[in-house]
Structures are given as C-alpha cells and as structure tokens.
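Some notes on the structure that comes next.
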Number of protein chains: 2
Amino acid sequence: MTKERRTRQRALVLEVVQSSDDHPTAAQIFQRVRRRYPGIAYATIYNALRWLVNRGEITEYTFGDAAARYDRNPHRHHHALCTHCGQLFDVEVRLPKQILQQASRRTGMKITAHHIQFLGLCSRCAT
Amino acid sequence: MTKERRTRQRALVLEVVQSSDDHPTAAQIFQRVRRRYPGIAYATIYNALRWLVNRGEITEYTFGDAAARYDRNPHRHHHALCTHCGQLFDVEVRLPKQILQQASRRTGMKITAHHIQFLGLCSRCAT
DNA sequence: GTTACTGCAAAGTCTTTGCATGCGG
DNA sequence: CCGCATGCAAAGACTTTGCAGTAAC
C-alpha cells in the first residue's frame, strides 16, 4: 500500500489548479503557487501534478504546443483551442454512441475514452 | 516571395513519411532517412518536416507522450491510441454537423478543424 | 551568381531524476 | 521513528537556432 501524504505543497497545487479557469501549464502553476509559497521547487510542482493526475483530481492535456496543460475539471469534456491567441475553452458536447462503436469496429480496439479537440478562432480573434 | 527548393534531403524525408504507416516520430524518421543518407543532420529533418507540414503534404500530431508524430495522410482523419503499447491507428469517422454547431455556439468560436483522439486497448493488448 | 538549405554544435524548453534533508503519520 | 515528499541541481528528451559552407536554380 502506498501511504498518502497531504502536504502543504500538494494542497496548494490543487488549490491553484482548482481556482484557475484557464487551463494553466506547469510553469503558470509554479508561478502562482510560488506567490504563496516562495521556496517551492519546480520538481515539487511536477510531482504534485502527477500525483493529483493519478488520483483523478485533475486532468492533464497536451495540445500542439510544447507544454502540458492542467484542468481542474476531472470529468471528461472536450476543448476548443484558439489557434491565434492560444486560449483554451471547455466544450460540453456528447459524441454519439454510434461513432464510438464505429471507431471500435474499425480499429479492433476496446475504446475506453476519447477527447475532441476543436480548433478555430475565438470571438475576440475572429474579427 | 519565397523560392522553394526541392532538395534531396526533403525528398527523402517526404518519401520516408509517405512509406511509413506507423505515424513515426522525428527520431524514427531521422533513423530511417539516415539509413539511405548517412550524413543527414537532425536539424535538417526538423526543417524538412516543418516545411512539409506547412505545405500540407504531411500532418503533425501530438499526443500525451513527449514527441510529435508525423502522418503521411494529409486529410483530416482521427486517431486511436493504444494506452498500453502506444500504437496509433487511423480512424475514419465523421463528426455530425450538429456537434460542430453546438461547439461553435457554446464557445463563441469559429471552428475550422477538429480532431478526435480515441484511447483504449488494441486487439493485441486487450486480451 | 544569388540565395535558400544543409550540417554542425550549441542553446532553449519542458520534464524527470538522484540524493540528502525534513516533515507527516 | 520510519518512510515518503521536498528542495536543489543536474541530467534527459525533444526541438530550435546561429552561422559558415554548399548546392539549387
């Protein structure tokens, strides 16, 4: 059994992610946590994020750009990325069951999850 | 205007990607090209890949893991990733128009593209 | 002949690791 | 007290950049 420790650092990382609605990267989380806990190490942020992801408390997503982004909302939902300003929005849509069945049939895989990335221009960049 | 040059290196990179059905990473492409052109530099692979992506001859995708993968098939299609062995399959399914309209309405964005990632276990890993 | 591309190495970005110290249980 | 997590720095994986020389046209 793994003994689990709720440390000040992990609590702070979780708190920061939960209070962010902009899907921050590890670097942004580091900066925000450091404002309240200046001595914290970068590695601790990564450790805490991985721990939280494994426990299902937050979710990690990667998009075309380099850094992974973290999401406070652990249930499955989808995302729309503005290709101009990089802003990321949550999208609540449901993929019809038949599409999942099609995907499963055509690949021979047992599909357990899916994620849709929408790309386009946000209302501010579209003008 | 930018004058475009078809060089031996770029031709080889394109040829390697087009003859690969396994969505290779830059490192794999590098190895495969180097078998036929031993002196080629890593940077040249990246330059060639970016050039080919910009011209629309190949497509770049990023998944959870570190390295980008390149796809010989430039038309829009979707992917299924085996979370056990990492193998990536093409998936041909069509997202219903109403889902795109919903996404657009709910985010206020002008959606120009989308990509579905299916996750699960391939037939070999599922047993 | 120009000028864009290559090859090389070095730097840059994001993430992980090794190890001594320290805190949580 | 024991062991996991932290903090620090260094390494690791992937990608980009600067620049001199070379090849495409």
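- If one axis is set at each end of the helix from C:dG1-D:dC25 to C:dG25-D:dC1 from five pairs, those axes are 40° apart, to 10°.
- The salt bridge (Lys or Arg N to Asp or Glu O under 4.0 Å) check on A:Glu57 picks up A:Arg55, with sequence neighbours excluded.
- B:Arg8 comes within 4.0 angstrom of nothing in the nucleic acid, heavy atoms only.
- Judged by atom type and distance alone, A:Arg5 does not reach the base of D:dA5 through any side-chain donor-acceptor pair under 3.5 Å.
- Within the structure, side chain to side chain donor-acceptor pair (under 3.5 Å) contacts touching residues 103-124 of chain B (residues at least two apart or in different chains) are B:His79-B:His115.
- Listed by residue number, B:Tyr46 are the residues of residues 46-57 of chain B with a heavy-atom contact under 4.0 Å to DNA chain D.
- Sorted by first and then second residue, the salt bridge (Lys or Arg N to Asp or Glu O under 4.0 Å) pairs involving residues 10-33 of chain A (not counting sequence neighbours) are A:Glu15-A:Arg36, A:Asp22-A:Arg32.
- How far OG1 of B:Thr83 is from CG of B:Leu81: 7.0 Å, rounded to the nearest 0.5 Å.
- Contact check, A:Gln9 against C:dC23: no side-chain N or O comes under 4.0 Å of OP1 or OP2.
- A donor-acceptor pair under 3.5 Å is absent between the side-chain atoms of B:Gln31 and the main chain of B:Gln28, judged by distance alone.
- Of all nucleotides listed (C:dC5, C:dG25, C:dC14), C:dC14 comes nearest to the side chain of A:Ala67.
- Under the 30°/60° scheme for interplanar angles, the aromatic rings of A:Tyr42 and A:Tyr46 are found to lie parallel.
- A:Tyr70 places none of its side-chain heavy atoms less than 4.5 Å from the side chain of A:His23.
- Looking at A:Asn73, A:Thr59, A:Leu49, A:Asp71 one by one, the single match for side chain to side chain contact (heavy atoms under 4.5 Å, CB included) with A:Val17 turns out to be A:Leu49.
- Atom-to-atom, OH of A:Tyr70 to P of C:dC14 comes out at 12 Å; the value is rounded to the nearest Å.
- A heavy-atom distance below 4.0 Å to DNA chain C is reached by these residues of residues 23-45 of chain B, ordered by number: B:Tyr37, B:Gly39, B:Ile40, B:Ala41, B:Ala43, B:Thr44.
- Rounding to the nearest 0.5 Å gives a distance of 8.0 Å between CD1 of A:Ile111 and CG of B:Leu119.
- Straight-line distance from the CZ atom of B:Arg10 to the C1' atom of D:dT22: 14 Å, rounded to whole Å.
- Not a single donor-acceptor pair under 3.5 Å links the side chain of B:Thr25 to the backbone N or O of B:Ala68.
- Remark: the backbone N or O of B:His75 is paired with a side-chain donor or acceptor of B:His77 at under 3.5 angstrom.
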